[in-house]
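Step one of this worksheet: look at the structure below.
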Amino acid sequence: MANDTSTETTERKGPGLDFIRSMVAEDLRTGKWKGRVATRFPPEPNGYLHIGHAKSLCLNFGIAKEFNGVCHIRFDDTNPLTEKQEYVDSIKQDVRWMGFDWGEHEYYASDYFDQLYEWAIKLIKDGKAYVDDLSAEEVSEQRGTIKQAGVESPHRNRSVEENLDLFERMRAGEFDEGTRVLRAKIDMASPNMLLRDPVMYRIIKASHYRTGDKWCIYPTYDYTHGQSDSLERITYSICTLEFEVHRPLYNWYIQALGIFPSEQTEFARLNLTYTVMSKRKFIALVEEGHVNGWDDPRMPTISGIRRRGYTPEAIRDFCGRIGVARAASMNQYEQLEHCIREDLNKRAPRVMAVLDPLKVVIENYPEGQVEEMEAVNNPEDPSAGSRMVPFSKTIYIEREDFMEDPPKKFFRLSPGAEVRLRYAYWIKCTDVVKDAEGNVIELRCTYDPETRGGNNPPDGRKVKATLHWVSAEHALDAEVRLYDRLFTKEDPNALEEGEDWRDYLNPESLVVIPGKVERHLAHVKPLDRFQFERKGYFCVDPDSKPGKLVFNRTVTLRDTWANVQKRND
RNA sequence: UGGGGCGUCGCCAAGUGGUAAGGCAUCGGCCUUUGGCGCCGACAUGCGUAGGUUCGAAUCCUACCGCCCCAGCCA
């Protein structure tokens, strides 16, 4: 559809380019940054990446690639209380898995602590920063409110000498945590709260996962981020909308220091229906046992989505389709599902698996006979070849593929009806066996030997449905984990008075069932993906072992029959 | 003493004064050894509302309305 070559994409501003890429293209045209494009992905190593980060990854690494620039990865590690090497490692793994490469450009804000300290001294000397002795509570009270100016600290006009002395002693560890901070001297009456003498350094007597005990004062985000961008000569510092009000402060530090003028641009963060995206809620989900860890396939974390069976290609495709804009938005989960179905349709080998087995005995099929039927591995990909699937007198079909008293449009099996067994034979239901409670426990059928391979019989009979099946004696047992949306409400954050987001947890977000899968799956490896014909795409869970197979349902197939049923309810 | 943003189809989203792209979803139909895939078609006389400017407005002006963000020594 898009005939644009990549050259056109990078040289022309127009349809298809989001506002940030348009800006980059325009800057390239005018030579604003002398042809240089440098972006960065700046996670804080205090948690795992989620699909919202994927959007940022695609934007930052995408722009770098499309415009012949570079994208750095920089760990924004200014808070020793929450950050860990373990998170750095998992973040790097997730970024690589997503398919992005930062080359040599791996940076840490903590590597800039010495420089940041020197710059703080410069700001003190310039009369632009001061040590404040107020407590956190007092600072907070004096900041004023959104509609009311703050008041200046009594320590605001200390001499440069006193500030230098105090700041040096802060660094030397002479003061207790919380007793003093270094503040930028800007404007306590600014309508922008961020400009009311923001804190630059606080005392935290904790060792840092990278700098150890070298420091007991740590710079804040605002005092660190822009300067880090500047040190790395980042041209486009792209972040989410909530940082918009920080931009004047970002610029203030850069100007006050007279350093490379990186520029911040904000875009709307990703929101997805039927899930939550905040670290606080992730922690609650894990710690309260609503999910089984950060990589639970129901979690919107990269590790969870990966375990669910999503491919990086599908996630990137999704990020490309939803676009980049400044309007706060909520994207539908269905869009993500579309992307993984489209990807897996092309590459996932097909296989037959019966998730809710109903026994079928084919009465006129010879006892003890086994035939090997040829099955196509992927009709979308001829190079995937074929395999042999054993067929015998007793098989399992899907329980929902039989109805004793079917509605008009039901094409599947029912008493007297005939259907095709994929790659096998046509069968006709002759009898229904029930238990004492009247539950159907077995079907008796006959087959037509002239339909071998599932082919049409010479008499021209037609059949409207094809069912998947497995041979009872050859099938493998498997644990199948059926995953569904984590919440029952599109936006679990949009609550009425008195409600809790947990009220909308979907009790059926995970249903574990024993299934029967074809022999072909005996030797699968974790993360192998398959289409279980007519049921959906499934991924081998890391818990899976030979002899104890475990499959996760990534997504169901599109099911127009289900839509019809829903409409008729 | 408030400031900063944002409103185009159910959900995303192009469009930047010349007469509303595209995707998802939905609904028809064709095809089909997956009720999958694929293919064809339908889906905004209207762009938050009301005025105004103009030959012409989603695009410019004015006023309203609605939603989001900011009062961490988190990022």
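We name chains A, B, ... by the order of the sequence lines, and we start the count at 1 in each one. Here the structure is a predicted model, which is why all the values come from computation and not from measurement.
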From [atom1] of [X] over to [atom2] of [N], roughly how many Å is that when rounded to an integer?
X       : N       : atom1 : atom2 : value
L17(A)  : rU16(B) : CG    : C1'   : 14 Å
K279(A) : rG72(B) : NZ    : P     : 19 Å
E242(A) : rC74(B) : CD    : P     : 17 Å
H208(A) : rC74(B) : NE2   : C1'   : 14 Å
M188(A) : rG3(B)  : CE    : P     : 18 Å
E337(A) : rC12(B) : CD    : P     : 17 Å
R180(A) : rC73(B) : CZ    : P     : 17 Å
Y221(A) : rG72(B) : OH    : P     : 17 Å

Complementary nucleotide for [N] - Watson-Crick or wobble, under 3.5 Å:
N       : value
rC27(B) : rG41(B)
rG7(B)  : rC65(B)
rC60(B) : rG52(B)
rG2(B)  : rC70(B)

Tell me whether the OP1 or OP2 atom of [N] has a side-chain N or O from [X] closer than 4.0 Å.
X       : N       : value
T224(A) : rA75(B) : no
S140(A) : rG72(B) : yes
R269(A) : rC69(B) : no
T78(A)  : rC74(B) : no

Before accepting this row, confirm whether a basic side-chain N of the pair [X]/[Y] lies closer than 4.0 Å to the acidic partner's carboxylate O.
X       : Y       : answer
K535(A) : E400(A) : yes
R529(A) : D343(A) : no
E450(A) : R461(A) : no
R40(A)  : E232(A) : no

Give me the distance, rounded to whole Å, that separates [N] from [M] when you measure between the [atom1] atoms they each carry.
N       : M       : atom1 : answer
rG29(B) : rG18(B) : P     : 41 Å
rA14(B) : rG22(B) : C1'   : 7 Å
rU32(B) : rC37(B) : C1'   : 9 Å
rA58(B) : rA44(B) : C1'   : 12 Å

Taking the ring of F532(A) and the ring of F551(A), is the distance between their centroids below 6.0 Å?
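Yes, close enough.
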Establish, yes or no, whether a centroid distance under 6.0 Å links the rings of Y48(A) and Y87(A).
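Ring-ring flag for Y48(A)/Y87(A): true, centres closer than 6.0 Å.
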Please compare G178(A) and A465(A) by the position of their nearest nucleotide in RNA chain B and report the one closer to 5'.
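Looking at the nearest nucleotide for each, A465(A) comes out on the 5' side.
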Mapping Y201(A) and S190(A) to their closest nucleotides on RNA chain B, which lands nearer the 5' end?
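Closest to the 5' end, via its nearest nucleotide, is S190(A).
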Checking the side chain of W215(A) only, and the main-chain atoms of R171(A) only, is there a donor and an acceptor separated by less than 3.5 Å?
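Looks like no, no N/O pair under 3.5 Å.
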By the 4.0 Å heavy-atom rule, please label [X] as base, sugar-phosphate, or nothing.
X       : result
K535(A) : nothing
S135(A) : base
A325(A) : sugar-phosphate
L182(A) : nothing
N331(A) : sugar-phosphate
E244(A) : sugar-phosphate
T145(A) : base
Y218(A) : nothing
R412(A) : base
I146(A) : base
L557(A) : base
P379(A) : base
F410(A) : base

With the side chain of [X] defined as its heavy atoms from C-beta on, choose the nearest nucleotide among [options].
X       : options                   : answer
T466(A) : rG35(B), rG36(B), rC69(B) : rG35(B)
R202(A) : rC73(B), rC6(B), rG35(B)  : rC73(B)
V245(A) : rA75(B), rG35(B), rC70(B) : rC70(B)
H246(A) : rG35(B), rC70(B), rA75(B) : rA75(B)
E380(A) : rG36(B), rC74(B), rC12(B) : rG36(B)
R143(A) : rU34(B), rA75(B), rA71(B) : rA71(B)
A327(A) : rC6(B), rG35(B), rA75(B)  : rC6(B)
N79(A)  : rC70(B), rG35(B), rA75(B) : rA75(B)

For the NZ atom on K84(A), are there more than 12 heavy atoms of other groups (residues, nucleotides or ligands in this structure) within a distance under 6.0 Å?
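Atom NZ in K84(A) is not packed in, count stays at 12 or less.
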Show your working on salt bridge (Lys or Arg N to Asp or Glu O under 4.0 Å) between R210(A) and E83(A) and close with a plain yes or no.
CA-CA 10 Å; R210(A) 294 192 94 233; E83(A) 296 152 2; over 6 Å; no
Answer syn or anti for rG56(B), where the cut-off is 90° from 0 on the glycosidic torsion.
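rG56(B): anti glycosidic orientation.
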Nucleic acid footprint by protein, nucleotides 25-31 of chain B - heavy-atom cut-off 4.0 Å, B for base, S for sugar-phosphate alone
-SSS---
Could you tell me how the ring of Y221(A) sits relative to the ring of H246(A): parallel (under 30°), tilted (30 to 60°) or perpendicular (over 60°)?
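The rings of Y221(A) and H246(A) stand perpendicular, inter-plane angle above 60°.
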Just by distance, with hydrogens left out, do R387(A) and H520(A) show a side-chain donor and acceptor under 3.5 Å apart?
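The answer is no; no qualifying pair exists.
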Could you point out which residue of T224(A), D76(A), D77(A) forms a side chain to side chain donor-acceptor pair (under 3.5 Å) with S110(A)?
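The passing option is D77(A).
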